[in-house]
K.L.:
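Dropping a structure here in structure tokens format, bear with me for questions.
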There are 2 protein chains.
Amino acid sequence: MPETTRRTDRFPGTRYGNRPTMKDVAARAGVGLKTVSRVVNGEPGVTAETERRVQEAIEALGFRRNDSARVLRKGRTASIGLVLEDLADPFYGPLSRAVEEVARAHGALLINGSSAEDADREQELVLALCARRVDGLVVIPAGDDHRYLEPEIKAGVATVFVDRPAGHIDADVVVSDNYGGAHDGVSHLIAHGHRRIGFIGDMPRIHTAAERLRGYRTAMEDAGIPVADSWMSLGVTDPERVRRAAREMLSGPEPVTAIFTGNNRVTVTVIRVLAEHTRPVALVGFDDIELADLLQPGVTVVAQDAAALGRTAAERLFRQLDGTLLAPERIELPTRLITRGSGELPPAD
Amino acid sequence: MPETTRRTDRFPGTRYGNRPTMKDVAARAGVGLKTVSRVVNGEPGVTAETERRVQEAIEALGFRRNDSARVLRKGRTASIGLVLEDLADPFYGPLSRAVEEVARAHGALLINGSSAEDADREQELVLALCARRVDGLVVIPAGDDHRYLEPEIKAGVATVFVDRPAGHIDADVVVSDNYGGAHDGVSHLIAHGHRRIGFIGDMPRIHTAAERLRGYRTAMEDAGIPVADSWMSLGVTDPERVRRAAREMLSGPEPVTAIFTGNNRVTVTVIRVLAEHTRPVALVGFDDIELADLLQPGVTVVAQDAAALGRTAAERLFRQLDGTLLAPERIELPTRLITRGSGELPPAD
DNA sequence: TACGAGGCTGACAACGTTGTCCAGGCTCTA
DNA sequence: TAGAGCCTGGACAACGTTGTCAGCCTCGTA
């Protein structure tokens, strides 16, 4: 029975049960505490025979090093935090996975949490992660003021923002070329003869939404097409309202012949609306969606590389931790137009 | 400047930078260490005036409690681990999110990792989580021997397996009714007149795959239909081989008129094959897929409730931690047949 | 006025690990 | 054979926090 058994009496709430400690292992192996530490960490300076005895004791007691104590002593936790909007969103799965792979390559674990698009919850999560002393943070911001992070960053928490820039602080950020992608997508529709093109996107206070809107506006302007207010629907994101917005654009006095959708969720809903619609309407969506190629017609999209966003951000994070990184920077990854049919439909008035 | 500044000189590797500690806060506020602890933890027995002074010092120094030290002292980490196959798989997103929500409701953080369907990596991850002293583990097993977890469970790490049962140990497990779901799906095809029904699934050493295969076999048997070997393709999972397997079934001497697919990835590939195929072939797939309703025809599926799996497992985990839970149990959640068209096509010979 | 009760506060040890430093035993050489 | 140098092992403090406990101060009451 390990020496530490008594503990439970004093802390009935503990869940460690009676985990053996290095002290217990040392006692059983008949060696000093530090010798056990050396064996566990593969440090040199231990005879093969002593090592064998220690290993045997470890085995017998089922000892496992307590990393909390280790962290306390060493100062590094070898873990990083990832705060995103919603793990269940198919866009974030690959991103999260990419961050994890990079972390793994650096021997770090990933702690993550969903902000549910709520600024307070984002802050709560981030600060909880800081209290855990994660070495670094990858944050997909929900809020637009991140000054609360200043003391943390000053204290050495590496931080990289992804998908949207940080608010009111100077930090690394990795984003997609939202403006350029939207510009490409809308120009593509224009090149196929469309002039009355609708836009359905999120609230412009969200950075990505604002940039995509700007891409739409500029592409129209570049082509010399004045935009009617009724062609734009902003801040609309729940399916029911998207559906209504789409129907209005399609049936107004100046009905659109094409729609550009600002994110994957909107795209899916609009596809449903168009499926019920008799007149063919062209569609280009921001973000790729699964099975887009199997629909009739295939859905033309402006695709972001979610995995690349995550990978780039995580790599930058670890470069901050290495100390090989200098000033905060903004990195923009290109988007890719994937033509599948829906964006190449001619205007049908 | 906080007193702990010196630290950096001694441990140049540390990333804490110079984080103020409670000691620093105490010094600045002119109070004792324990008083700071009381304020930080909202314990009673502190005058309003003293509390104000402490809060002020906390603010000024940017202090944040070090949870590693707290954990070491208290014994509970208020974090749980989730080990799954691949975060990027759309099936696991909602599951992971559901686990997170339950954890959040219990004030715990979620640490997760992908095993990449590799048994060694699963073990490595699980043990790393145990070294962090997570309070509990939710595991979607990749390997089939979990005896390595015995000392951990004995030491008090709550453990729940999801989606597939644990190997060689007695532990809580939450699974879908894979057998029943597959039986329903295949019976549905039979009810629509099919007799030559193909099955494409994963290796039967994977529990879910074996159960689904059993559902297929039993449904056929129940209908008195002998199964030709050429109708079954097992252990096939990469797109190229699935494609080949499907084509062979469709063109053999006894061509199938319907296919039952064993998981979402297989289903997607088979949909692609059928899209190029002239003769209409019925299809029912295990697992729901996004946009399945928008394809022509809509894809009939046997849907699992991934979120419910995660939620149920996590709740059980916390009941283990509460101590309100008794013996390990196996919980089976029902599946649901969603008819959308592809499963209702009549046989076309 | 003296005394006890109760409210605040702080000193101290402990959580399990690792870095530092020293002791003792060995080998090797002059 | 003595001294230098190396190798192995252990004692001890420290990481930042919390539980225990004892001391002090104030207030009410006899």
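Here is how names work: the chains are called A, B, and so on, in the same order as the sequence lines, proteins then strands, and each is numbered from 1. FYI, side chains are in, hydrogens and waters are out, and symmetry mates aren't considered; it's all heavy atoms of this structure.
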K.L.:
Taking atom OG1 of A/T159 and atom CD of A/Q320, what is their separation to the nearest 0.5 Å?
P.N.:
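Going from OG1 on A/T159 over to CD on A/Q320, the span is 6.5 Å.
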K.L.:
Within this structure, what is the CG-to-C1' distance between A/N41 and C/dG19, rounded to whole angstrom?
P.N.:
12 Å
K.L.:
What is the distance, rounded to the nearest whole Å, between atom CD of B/E43 and atom C1' of D/dT17?
P.N.:
11 Å
K.L.:
Mapping A/R38 and A/L33 to their closest nucleotides on DNA chain C, which lands nearer the 5' end?
P.N.:
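Between the two, 5'-proximity favours A/L33.
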K.L.:
Looking at D/dT18, I'd like to know if its phosphate oxygens (OP1 or OP2) sit under 4.0 Å from a side-chain N or O belonging to B/S37.
P.N.:
yes
K.L.:
At less than 3.5 Å, do the side-chain atoms of A/R73 and the base atoms of C/dT17 form a donor-acceptor pair?
P.N.:
no
K.L.:
Identify whether any heavy atom of B/D67 sits under 4.0 Å from a base atom; if not, whether one sits that close to sugar-phosphate; answer base, sugar-phosphate or nothing.
P.N.:
nothing
K.L.:
Does a side-chain N or O of A/R65 approach OP1 or OP2 of C/dT18 to a distance below 4.0 Å, or not?
P.N.:
yes
K.L.:
So, is A/T47 near the phosphate of D/dG9, with a side-chain N or O under 4.0 Å from OP1 or OP2?
P.N.:
yes
K.L.:
Taking the side chain as C-beta and beyond, is there a heavy-atom pair between A/Y92 and A/D163 under 4.5 Å?
P.N.:
yes
K.L.:
Please report the distance, rounded to the nearest Å, between CG in B/N66 and C1' in C/dT17.
P.N.:
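After rounding, the gap between these two atoms is 14 Å.
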K.L.:
Check if the side chain of B/K34 and the base of D/dG19 share a donor-acceptor pair of N or O atoms closer than 3.5 Å.
P.N.:
yes
K.L.:
Please state whether the phosphate of D/dG16, meaning OP1 or OP2, lies under 4.0 angstrom from any side-chain nitrogen or oxygen of B/S68.
P.N.:
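Result: no.
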K.L.:
Can you tell me the distance, in whole Å, between the CZ atom of B/R52 and the P atom of C/dC8?
P.N.:
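B/R52 atom CZ is separated from C/dC8 atom P by 17 Å.
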K.L.:
Whole Å only: how far is the CZ atom of A/R76 from the C1' atom of C/dG19?
P.N.:
17 Å
K.L.:
What nucleotide, of C/dT18, D/dG10, C/dT9, holds the atom closest to the side chain of A/M22?
P.N.:
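Side chain of A/M22 sits closest to C/dT18.
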K.L.:
Mind checking whether A/H146 and A/F161 have parallel, tilted or perpendicular rings, split at 30° and 60°?
P.N.:
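Because their plane-to-plane angle is over 60°, the rings of A/H146 and A/F161 count as perpendicular.
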K.L.:
Would you mind reading off the distance between B/D24 atom CG and D/dG16 atom P, rounded to a whole angstrom?
P.N.:
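Computing the B/D24:CG to D/dG16:P distance gives 8 Å.
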K.L.:
Taking any heavy-atom pair under 4.0 Å as a contact, classify A/V40: base, sugar-phosphate, or nothing.
P.N.:
nothing
K.L.:
Give the rounded distance in Å between these two atoms: NZ of A/K23 and P of D/dA11.
P.N.:
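Atom NZ in A/K23 sits about 12 Å away from atom P in D/dA11.
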K.L.:
Take B/S114 and B/D86 through the side chain to side chain donor-acceptor pair (under 3.5 Å) test and state the conclusion after the steps.
P.N.:
CA-CA 5 Å; B/S114 303; B/D86 183 358; 4.6 Å; no
K.L.:
Between B/E152 and A/R19 (salt bridge meaning N to carboxylate O under 4.0 Å), is one present in this structure?
P.N.:
yes
K.L.:
Without decimals, in angstroms, what is the distance between B/K74 NZ and C/dA14 P?
P.N.:
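Between P of C/dA14 and NZ of B/K74: 19 Å.
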K.L.:
Considering only side-chain heavy atoms of A/T21, which listed nucleotide, D/dT18, C/dG19, C/dG16, is closest?
P.N.:
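The closest nucleotide is C/dG16.
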K.L.:
Examine C/dG10: is either OP1 or OP2 under 4.0 Å from a nitrogen or oxygen in the side chain of B/T35? Give yes or no.
P.N.:
yes
